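Scroll down for the structure; my scribbles are underneath it.
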Amino acid sequence: MTPEKIHSIIEGLLYLTGEEGLLLDQIRKVLPECSVQEIHNVIGRMKSEWNADERHGLMVTDIPGGYRLTTKPSLAPYAEKFAAIPKSSPLSQASLETVAIIAYKQPVSRITIDEIRGVKSERALQTLMVKGLIKEVGRAEGAGRAILYGVTPVFLDYFGLHSLDDMPPLADAAKEPNRQLDAYDLFYDQYKETIKNL
Amino acid sequence: MTPEKIHSIIEGLLYLTGEEGLLLDQIRKVLPECSVQEIHNVIGRMKSEWNADERHGLMVTDIPGGYRLTTKPSLAPYAEKFAAIPKSSPLSQASLETVAIIAYKQPVSRITIDEIRGVKSERALQTLMVKGLIKEVGRAEGAGRAILYGVTPVFLDYFGLHSLDDMPPLADAAKEPNRQLDAYDLFYDQYKETIKNL
Amino acid sequence: MEYKVKIDAFEGPLDLLLHLIKTLEIDIYDIPVSEITDQYLDYIHHMQKLELNVASDYLVMAATLIAMKSRMLLPKPEVIDDSQDEPYEDPEDSRQALMQQLLEYRQFKEAAQSLRDNESGRMLLFAKEPEDLSRYEREDITTIPKSERATIYDMMRAVQRMLLRKQLEGPQNTKINRQILPIGAQMNRVVGQLQEAGHALRFDDFFSVRDRIHVIVTFLALLELMKKDAVFCRQDENFAEIIVDLGKGAAAYDTGEDTFNY
């Protein structure tokens, strides 16, 4: 299949899936004869061409495991009025801090989060659960068997991250290099797990 | 405003409005400084360019009073292939919410479902109808004679239920937000009444 | 110092401490306990409208700071006697612990800020609703293997999320739909039901639809009909069944449809 044809099919599928996004796996099922490399090349070119061409109002963004067609940021003032899916209000500072702690420290219990923040995080956790940004990933061992939380693919999507690897390292990580590094290594595995379970 | 900028805005809005299409009036409201002629020119060029370029999977078609972005006919087999891919999440949150409300509250109209969910449920209803999980069970009395929906035997089969009596009491699901509970506690009796009609 | 910043500007005592450290240009790695305690207490005193449950977190920190400060003023005992009931707590250790806590919290505050930037960027991007591809779908869902289906449990969770979402979306408005059940229409229905039956009916017979609005409107309709002598109610003894029958005014009552169009 020619790259032109692949281009047109991916463009069409990106349009059809809209907000939901198109997963690489799905492209491969529709185009079983194309290699991942071919698909990557086509999408790479699509991205850079559309970005560079100011006549294009659309752009391709990364989502966990795939791609999504969105309007360019410069179109936001016009797009807002037309979007079928209204943007929800930004997360509160409490929710943001809580989800940051979960992303870097998962799996993590409410008590740990409360300790780090120095205040109760129950309501923030509830909001994050409802928004689907976090989920229960297990129970702590020992008495109480506290619920452990982790982030979901929705979290990655919400913050425009392709994977947890895209998250910047914690600023003071140098203070306790070993502990942080381990924790960081765990993310990726963990998140892979999380994606599977979703 | 440059033709390039106009092009990008129209492209973006065509994408956002999708199947519904974009009316010329809507474009004029967004771009009050543009003449109809300018808009026509831009769209005319967009049409011919996209048609001629085989890399484009999308095309602009005319609708009464406006335009619509659709996939090119040549893409239909791929869209079909895509639709046949089993979904990782079998039913969306919206569909699950909607079918739950119908199961507990049937016979129930779309308006009631919209009110309970706080968002429009048209699409979810469509999906559920296509999948055969719900059906029309009658019409409401009074003006409008709204369609009333109920669940089908396929619903029971899909969720592995012998009868609607196997469904957990709604109170279990509503346990946490107890403020809401009393609004829903009438459901249960209601649905027991209606299962007889299945 | 001006105390114009309200308590809701801070996420908690740690956030407030970080704010003080920043504005007072204190070295976080060498926190002067005495100074920070005084400033913190000062701030707390000026926060007029502390919500009670919020306040407790701030007060616990205040107590911790005061304890630390006072221990620092005391000379360190020459011989540390571990056999005492309350083992000696080195204020320097507490100071280090507080520093660590602040450093860790600051890390996540910065991480949160960086996520905030991501969020703002993401909010500028818009996408359309996914197209309904069901017209391309031919699959019979009952052929989907059980393991790949949504479960009742998924459904319950969906309902739970929906209820929580509505709860979080703010105050609930009870919506009374005036078109659905005007009281006048319900009065007609009650009278019609009695006429059709040709005899008295039980009170419960009028409440077959277990919908809140329906129950309320029917009850109001009965009261209104009683007032107009169109029906009368009889109860033989306390808690006995209430019997409803047509009254003298049944033939010529006015529903006052406009007046009672709730």
Side-chain angles (χ1 to χ4, degrees), chain A residues 15-21 59 61 68-76 78-80 82-85 87-88 90-91 93-101 103-105 115-120 123 126-127 129-132 157-161 166-173 175-176 180, chain C residues 8-18 28-29 53-54 56-58 60-61 64 98-133 136 157 160-170:
Chain A
Y15 170 75
L16 290 176
T17 50
E19 173 81 17
E20 227 168 57
M59 61 188 252
T61 53
R68 176 193 289 133
L69 201 60
T70 66
T71 53
K72 285 185 180 169
S74 58
L75 252 66
Y78 308 98
E80 237 158 7
F82 282 87
I85 307 147
K87 289 270 179 267
S88 55
L91 290 177
Q93 183 64 23
S95 297
L96 212 55
E97 286 178 13
T98 304
V99 83
I101 293 167
Y104 282 103
K105 272 185 117 65
E115 272 169 15
I116 292 173
R117 298 190 56 230
V119 284
K120 296 226 180 308
R123 194 166 166 81
Q126 221 183 47
T127 308
M129 284 286 269
V130 169
K131 287 186 181 263
D157 180 17
Y158 184 86
F159 291 106
L161 301 166
D166 290 350
M167 288 190 59
L170 280 180
D172 289 326
K175 285 264 156 251
E176 292 162 290
Q180 293 298 343
Chain C
D8 5 329
F10 298 104
E11 283 302 315
L14 293 176
D15 200 18
L16 172 53
L17 280 175
L18 283 179
I28 195 167
Y29 295 101
N53 56 343
V54 175
S56 64
D57 290 324
Y58 287 89
V60 168
M61 177 59 76
T64 310
L98 179 65
M99 182 193 89
Q100 281 301 338
Q101 207 183 353
L102 285 170
L103 284 174
E104 183 170 34
Y105 177 61
R106 194 174 69 173
Q107 260 184 359
F108 287 111
K109 244 184 98 70
E110 282 163 10
Q113 188 49 49
S114 129
L115 287 179
R116 177 70 85 202
D117 296 342
N118 281 11
E119 183 189 48
S120 320
R122 180 71 183 79
M123 287 220 167
L124 295 176
L125 308 182
F126 292 85
K128 71 190 264 287
E129 252 183 280
E131 213 77 4
D132 183 14
L133 292 170
Y136 296 112
R157 280 174 53 111
Q160 215 171 68
R161 271 177 69 173
M162 172 183 75
L163 297 182
L164 279 166
R165 182 183 72 215
K166 292 192 77 175
Q167 199 176 15
L168 290 171
E169 270 168 5

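In the text below, chain A, chain B and the rest are named by the order of the sequence lines, each starting its count at 1. Here the structure is a predicted model, which means the values were calculated and not measured.
- Only the backbone of A:M129 comes within less than 4.5 Å of a heavy atom of chain C; no side-chain atom from C-beta onward does.
- The shortest distance between side-chain heavy atoms of C:M123 and A:Y158 falls below 4.5 Å.
- When each of A:A94, A:S95, A:G132 is scored by its heavy-atom pairs under 4.5 Å with chain C, the top score falls to A:A94.
- Among A:G18, A:A79, A:P90, the residue with the largest count of heavy-atom pairs under 4.5 Å with chain C is A:P90.
- Interface residue A:E115: only backbone heavy atoms are found under 4.5 Å from chain C.
- In terms of heavy atoms, A:Y104 sits closest to C:A111 at CE1-CB, 3.5 Å.
- Looking only at side-chain heavy atoms (C-beta outward), A:Q93 and C:R116 come within less than 4.5 Å of each other.
- Atoms CG and CG, on C:N118 and A:L96 in that order, are 9.5 Å from each other to the nearest 0.5 Å.
- Atom CG of A:L170 sits about 5.0 Å away from atom CZ of C:F108, to the nearest 0.5 Å.
- Contacts of A:D157 classified as side-chain hydrogen bond (donor to acceptor under 3.5 Å, both in side chains), with partners at least two apart in sequence or in another chain: A:R68, C:R122.
- How far CZ of A:R117 is from CD of C:Q101: 12.5 Å, rounded to the nearest 0.5 Å.
- Residue contact with chain C, scored on non-hydrogen atoms closer than 4.5 Å, involves the backbone of A:L69 exclusively.
- No part of A:L75 comes within reach of chain C, as not one of its non-hydrogen atoms sits under 4.5 angstrom from that chain.
- For the atom pair C:Q113 CD and A:E97 CD, the distance stands at 10.0 Å (nearest 0.5 Å).
- Here the CD atom belonging to C:Q107 is positioned 10.0 Å from the CD1 atom belonging to A:I101, to the nearest 0.5 angstrom.
- Contact of the A:M59 side chain with the C:L125 side chain is registered, since non-hydrogen atoms from C-beta on lie closer than 4.5 Å.
- Taking CE of A:M167 as the start and CG of C:L115 as the end, the distance is 5.0 Å to the nearest 0.5 Å.
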